[in-house]
Amino acid sequence: MINTCFKTNTRLSVMSEWLTTTSLQAKWYRGPWPSLQAAVLFFVSVTGDERKVMKELTSSQVRQMYLDFFEQHGHKIMPSASLVPVDDPTLLWINSGVATMKKYFDGSVVPDNPRMTSSQKSIRTNDIENVGRTARHHTLFEMLGNFSVGDYFKHDAVHWAWELLTGEQWFDFDPEKLYITVYPKDTDAKAEWLDAGVKEDHIVEAEDNFWDIGQGPSGPDSEIFYDRGQEMNNVAEDDPENYPGGENERYLEIWNIVFSQFNHTPEGTYEPLPHKNIDTGMGLERVVSVFQHARTNFETDLFLPIIRATEQLSDGKKYEANKTDDVSFKIIADHARAVTFAIGDGALPSNEGRGYVIRRLIRRAILNGKKLGINEAFLYKLVPVVGEIMKSHYPAVLEQADYIAGVIHSEEDRFNVTLDTGLSLLNDTIAATKAAGKTQLDGAEAFKLFDTYGFPVELTTEYAGDEGLGVDQEGFKSEMEKQRARARNARSSAKSMGVQRALLTDIKSVSKYVGYSQLTVENAKLLDIIVDEKLVDQADENADSAEVIFDMTPFYAEMGGQVADTGSIVDEAGHQVAKVTDVQHAPNGQNLHTVKVTGKLVKGATYTLTVDAARHSKIEKNHTATHLLDQSLRNVLGTHTAQAGSLVEPHYLRFDFTHFGQVTSEDLHKVEQMVNDQIFAEIPVKTVETDIETAKKMGAIAMFSEKYGKRVRVVSVGDFNTEFCGGDHVSNTNELGLFKIVSETGVGAGVRRIEAVTAGDAFKFLNDEESLLSQTAALVKAPQLKEVPHRVEALQGEVKQLESDQRALQAKMAAQQAASAFDNIETVNGTTLIAQQVNVAGMGQLRQLADDWKQKLPSDVLVLATANEGKASLLVAMAPDQVKAGHKAGDLIKAIAPAINGGGGGRPDMAQAGGKNPDGISEALAQAKTWLEK
RNA sequence: GGGGAAUUAGCUCAGAUGGGAGAGCACCUGCUUUGCAAGCAGGGGGUCAACGGUUCGAUCCCGUUAUUCUCCA
C-alpha cells in the first residue's frame, strides 16, 4: 500500500534545488577553523517520476526491523534497560543507548558478544521547556543503536548503515534523499561512505562532527540526514541555515555514528585507543516521522493515539485547531509517555532527584490539561493508551498499568493541594499589593510563590489579571536567573565515562568460583598478582596490599547485595601468607581478591584458601532471609512492591523496597510471621543452574535482568519463592532459627527500608529488649513482666492526681498569700501600689497571684517578688487605666531588675524578670517606689 | 548537588516585638432531643519535630539534625 500523503503530493517528486553559496559560507563560519576551506558542494538531483515510494511502516515495525538487521549481522539484541541507572551515580536517567553500554566501553565488564544492538528508552529533561513547542523535543524517546566493543570499526559500521537505510528489504530510503556529514580530517570515514555507494555530492564536511565529552573516549562521527523536501521546511530555500545540519526542518538528522578511537587525556592530548569502538544512535521518533510523513514527531502512531484520547477528555478541544492548544496536547502526550515509563521502571514522584523530575512532568501535564479545559485528574487515564502503543516492545507497561495509574492519580490529587495553598497565599499577596496602592505584583513575590510554594507563574499572572493587577515578569525572570546561576556554580563535574582500566581488561586468565559447595580449596594456583597497578611475579610484606587471582576460589565476590567473604591464604608449608579483606568481580568475571600480605605470594605456586566459615554462614542465613522477606512483602503488601536495593551482611540484612504509602504495624507483623513460618516449616532450599528461558518458566523473579548471563542460578525455597540469584544460601530454612525485624523506615518517597536479623543476632536482639523490659519491671515494681503496662498506667494516673492536687494546694496557698499580700497598699505620687515579697513556688505562682489581683484590682500597680533556690523572680502588673496613662509594666521592671542581678521585660500590662540575687529583692521593691515617684 | 519554606491537640489549622498555648472538628461524661454535619453544659488530650546555643526567661531568635513541601541543576 502506498501512503496517501505521498500519492497526492506531486510537488515532492519535482523538488530540486542547488544550495546557494551563502549557505555554504554559513556552514564554514560555524566551524572552529574557517581556514579549512575544502569547498564542498552538494545538490539534490532531479529525480522526477522515478523517485521511490516510501515504505509504510508502523513504529513497531521500524524498531523491529532495525534490531533484526543488526541481529543478522551478528549482534546480540539487548533488552531496553531500566530508565533508572543501575550502579551509575553520575546519571539521573538512562539518557541514551550508549549509557547502558558504559560498563563495556570503559572496560569494567567484558560483554559476551562485542556486537550489540538495542532500542533503548531514554529520558532527557535539559530542554524540557521546548517540549511541545518544537517538532521533536521529547522527554522520553527511544534510541536505536548498534555497538561494537573493540570489534568492527568504520568499514562495517558505514557499510551496514548504508545497507539498512537503502536496502530494498530494509528501510529502502531513496539514496538521493540522504546526506552524510563527516569530520574533515576523517578521510577514512569519507572513503568508506564513498565505497558504500554514497555519491560524493551527498557527503558534507562538518567541523563539529567530533564527539568529545572532555576527558575520556572521543572521536569523529558521521551524521545522516534525510531530506524531507522544501514543503516540510520552516525556512526559505535561500535561508543560510537551509542545509543538512543547519537550523531547519527540511534536513532531518536521523542517525549519528560515532567512531570512538581516541582517549582524551587529562593533559588535553588525544591518544589512539587500544580498543576502538562504534557507538550509534538513531532517534526512533524521528525516523518514524519520516516513514509516516509527519510534519512533527507527534503526528506518528507513537503519539497520535494519546492526543486523540486527550481530545476526548477535554471540553471539546481538537488537535490542529489552533497552535496554543496544540502545544498543550503535545506536552501532555510527551509527558504521559515519560511518567508512565519512569514509574513503570520503579521511580516514584518525590521532591528530589529523579522523583522530582516525575513530579514536575506530571504537574506540567496537569497545567496543560487545565488549558484544555480538563479540571479533574486525567493524566492517569492515559496510562493504558501509552501501554497499548508500546506493548510490542514493552509489554510490562500494560501489565503494570493499574499500579502506574494509581501513582499518577495520587500525585494529581497532591498537586491540587499545592495549588490550593498557593492560591490562598496569592490572595494575601494581591491584597497587600492593592493596599500598597501598586498596580503590579512584585516579580520577587511572584517568584517566591513559584519557588517556595510551587505556584506556577502563569496562574499567578492569570489570577492577578482577574484582580486588575499586572505581574512584573522581568523581575520574575531575573530572580529565576539568579536561581539558575546559584545552581550552576554549585554543580559538581562528575566524570560521565572513565577510561579503560586496561590492566584488568587484559587479564583473561580463567578463575572458577566453587564456594557454593566448599569453603576451602587446597592447591589453588595463583595466576596473577597486582601490586600498585602493575603485574608482578611475587609479593611480600613490603607490598602491604595486593590483588590476586586464583584458578579456583571459595571466596564470594561482592554482588547482589551480598558482601564479600574474608579469610586466609596458607602456603604449602602451612604458613599463613595473606589475609583476604575484600573480593570484587574483575572485568572478565574473575574473583579479584584484595589481600593484606603477611608472608610471601609467588605467581604459579599453589595455596590453600580458607573462607571464614562462621562469618560466611551468617551471611548465608541473612541472604536466604532476604529472599523470604522479599516474597512475604509481595504476598502481604501486593505485587507492586519491588526490591530497590539490598545489603546482606554477617550481622544483619537491609532491604529497600518500593511501596506507595506507609506499612502498617499489622502488615509488618504479618510479614515477620510469614518469614518465620517458612523457617519453622523447615523447607529445603534448592539451587539449580539453567538457562534464562527455563528459569522464567519456573516463575523465577529477576531483580536486575541485565546482570545475568546465559546460564543463571535459580534459588527456590519450596513453593514459597523462586528467584534468580548468584549468591550463597543455607540448605534448609531451619538454619535461620529465627527472623526478627529490627526497624522499618522510609528512605525517600515511595521507598521503605527494613532492617532485620536472624539466628543468634535475632536471639540477642530479643534478649536485649527483654532485659530492658525486666529493668523497667523492676523500676515500676511489677512482680511479673505482664504487669508492667498495668503498673505504668496506674503510675501515670497517680502522677496526674498528684499534679492536680498540688495545683489545687498551690492555688490555695496563693490565695492565702494574696489575702495578706494585697492588704499592704501604699500610695506613691497619687498612685496606689502593692509591693510585696511572697513565699511561693516560682514564676507560675506569681502569675496566678497577678491573675487574682487583676480580678479585684485593689491597687493601680502590683509588684511581686519571690525567692527560690538562689534565684529571684519579679513580676509587675499595671491596671488598665495606668496602661492608658502611659505607664508600662515593662519599663518599671527594667528599672528594678538590676537590683536582683537580672533583666526582664514584658507587655504593658504585665512583665516579669528573673535574677540570681535574692538578697536584692527588698532593694528592688524599694526602687519600684522611687520609679513611681518620678 | 544548590536555594526557599513548613513541622503547634487524634485531624484541619490559628497564634504572640521573647514573658500566661488556642479554635473548629473528633473523643469522653451529663442533660435535652430523637430527621440529614443535632443542640446545651462540662471534661480529657500538647516535650509547640529533636538536639545544642543566646537570654533572667525560648514554642518564638541563632545553629545542627530529621521529616515534608517547593524551585533550580
Side-chain angles (χ1 to χ4, degrees), chain A residues 89-93 124-129 349-357 359-360 363-364 411 414-422 424-425 444-457 460 476-477 479-494 662 745-750 796-797 800-801 803-804 842-854 864-877 888-890 893-894 896-918 920-921 924:
Chain A
T90 66
L91 277 183
L92 201 55
W93 299 100
R124 287 185 193 175
T125 52
N126 31 341
D127 280 331
I128 192 170
E129 298 304 322
S350 76
N351 58 348
E352 57 184 21
R354 67 179 69 90
Y356 182 60
V357 171
R359 174 163 288 169
R360 212 160 42 140
R363 295 185 171 193
R364 280 170 54 89
E411 184 64 19
R414 238 182 212 275
F415 187 43
N416 283 325
V417 174
T418 301
L419 289 182
D420 284 347
T421 53
S424 76
L425 286 163
E445 285 291 338
F447 182 75
K448 193 183 174 190
L449 275 169
F450 171 65
D451 180 50
T452 305
Y453 302 101
F455 197 75
V457 70
T460 301
F476 180 86
K477 276 182 199 152
E479 289 294 322
M480 178 69 89
E481 196 37 56
K482 279 185 217 162
Q483 161 100 309
R484 289 218 169 97
R486 256 199 311 273
R488 254 196 306 273
N489 290 339
R491 185 177 53 186
S492 69
S493 53
Q662 280 190 318
T745 52
V747 273
Q796 274 176 341
K800 205 172 279 176
Q801 187 58 47
E803 278 176 349
S804 133
M843 189 60 86
Q845 293 294 304
L846 288 186
R847 276 200 298 262
Q848 229 164 51
L849 283 171
D851 281 347
D852 267 2
W853 175 84
K854 220 177 219 171
L864 292 175
T866 188
N868 279 99
E869 295 163 8
K871 283 184 190 169
S873 304
L874 284 177
L875 181 141
V876 174
K888 290 179 186 162
I893 208 151
K894 272 176 194 152
I896 64 173
I900 54 162
N901 201 7
R907 294 181 290 203
D909 64 322
M910 217 270 298
Q912 41 188 295
K916 288 166 184 165
N917 178 24
I921 286 178

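Residue numbers begin at 1 in each chain, while the letters A, B, ... track the order of the sequences.
Between A:Arg484 and B:A73, a side-chain N or O to OP1/OP2 separation shorter than 4.0 Å is present. Not one side-chain nitrogen or oxygen of A:Ser873 sits closer than 4.0 Å to the OP1 or OP2 atom of B:G57. For B:U70, neither phosphate oxygen OP1 nor OP2 lies less than 4.0 angstrom from any side-chain nitrogen or oxygen of A:Arg360. For the pair A:Tyr356 and B:C69, the criterion of a side-chain N or O lying under 4.0 Å from OP1 or OP2 is not met.
B:U8 and B:U67 are spaced 16 Å apart, taking the C1' atom of each and rounding to whole Å. Between B:A49 and B:U7, the two C1' atoms lie 6 Å apart (nearest whole Å). Nucleotides B:A21 and B:A26 place their P atoms 27 Å apart, quoted to the nearest Å. Straight-line distance between the C1' atoms of B:C72 and B:C11: roughly 34 Å, to the nearest whole Å. Taking atom P on both B:C60 and B:G18, the two are 11 Å apart, rounded to the nearest angstrom. Nucleotides B:G46 and B:C40 place their P atoms 26 Å apart, quoted to the nearest Å. Comparing the P positions of B:A41 and B:C48 gives a spacing of 30 Å, expressed to the nearest Å. Distance noted for atom P between B:U17 and B:A73: 39 Å (whole Å).
With a 3.5 Å ceiling on both atom-pair distances, B:G18 lacks any Watson-Crick or G-U wobble partner. Remark: B:G35 base-pairs with no nucleotide; criterion is Watson-Crick or G-U wobble with both hydrogen-bond distances under 3.5 Å. Across all strands shown, B:U29 forms a Watson-Crick or G-U wobble pair with B:A41, both key distances being under 3.5 Å. Remark: B:U55 base-pairs with no nucleotide; criterion is Watson-Crick or G-U wobble with both hydrogen-bond distances under 3.5 Å. The partner of B:C69 is B:G4, judged by Watson-Crick or G-U wobble contacts that both fall below 3.5 Å. Figure legend. B:U12 is base-paired to B:A23; pairs are counted as Watson-Crick or G-U wobble with both atom distances under 3.5 Å. Under the Watson-Crick or G-U wobble criterion, with both distances below 3.5 Å, B:C48 has no partner in any strand shown.
The separation between A:Glu479 atom CD and B:A5 atom P is 13 Å, rounded to whole Å. As a whole-Å value, the separation of A:Arg364 CZ from B:C71 C1' is 14 Å. The nearest whole Å value for the distance from the CD atom in A:Glu445 to the C1' atom in B:A5 is 14 Å.
The pair A:Lys448-A:Glu479 does not meet the salt-bridge criterion, since no charged nitrogen lies less than 4.0 angstrom from a carboxylate oxygen.
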Could you go through A:Phe447 and A:Phe476, starting from their C-alpha distance and side-chain angles, then the distance that decides it, and tell me whether this counts as ring-ring contact (aromatic ring centres under 6.0 Å, His included)? CA-CA 5 Å; A:Phe447 182 75; A:Phe476 180 86; 5.7 Å; yes

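A donor and an acceptor atom sit less than 3.5 Å apart, one in the side chain of A:Gln483 and one in the base of B:G2.
The listed nucleotides are B:G19, B:C71, B:A5; the one nearest the side chain of A:Gln912 is B:G19.
Closest of all the heavy-atom pairs between A:Pro918 and A:Ala872 is CA-CB, 3.8 Å.
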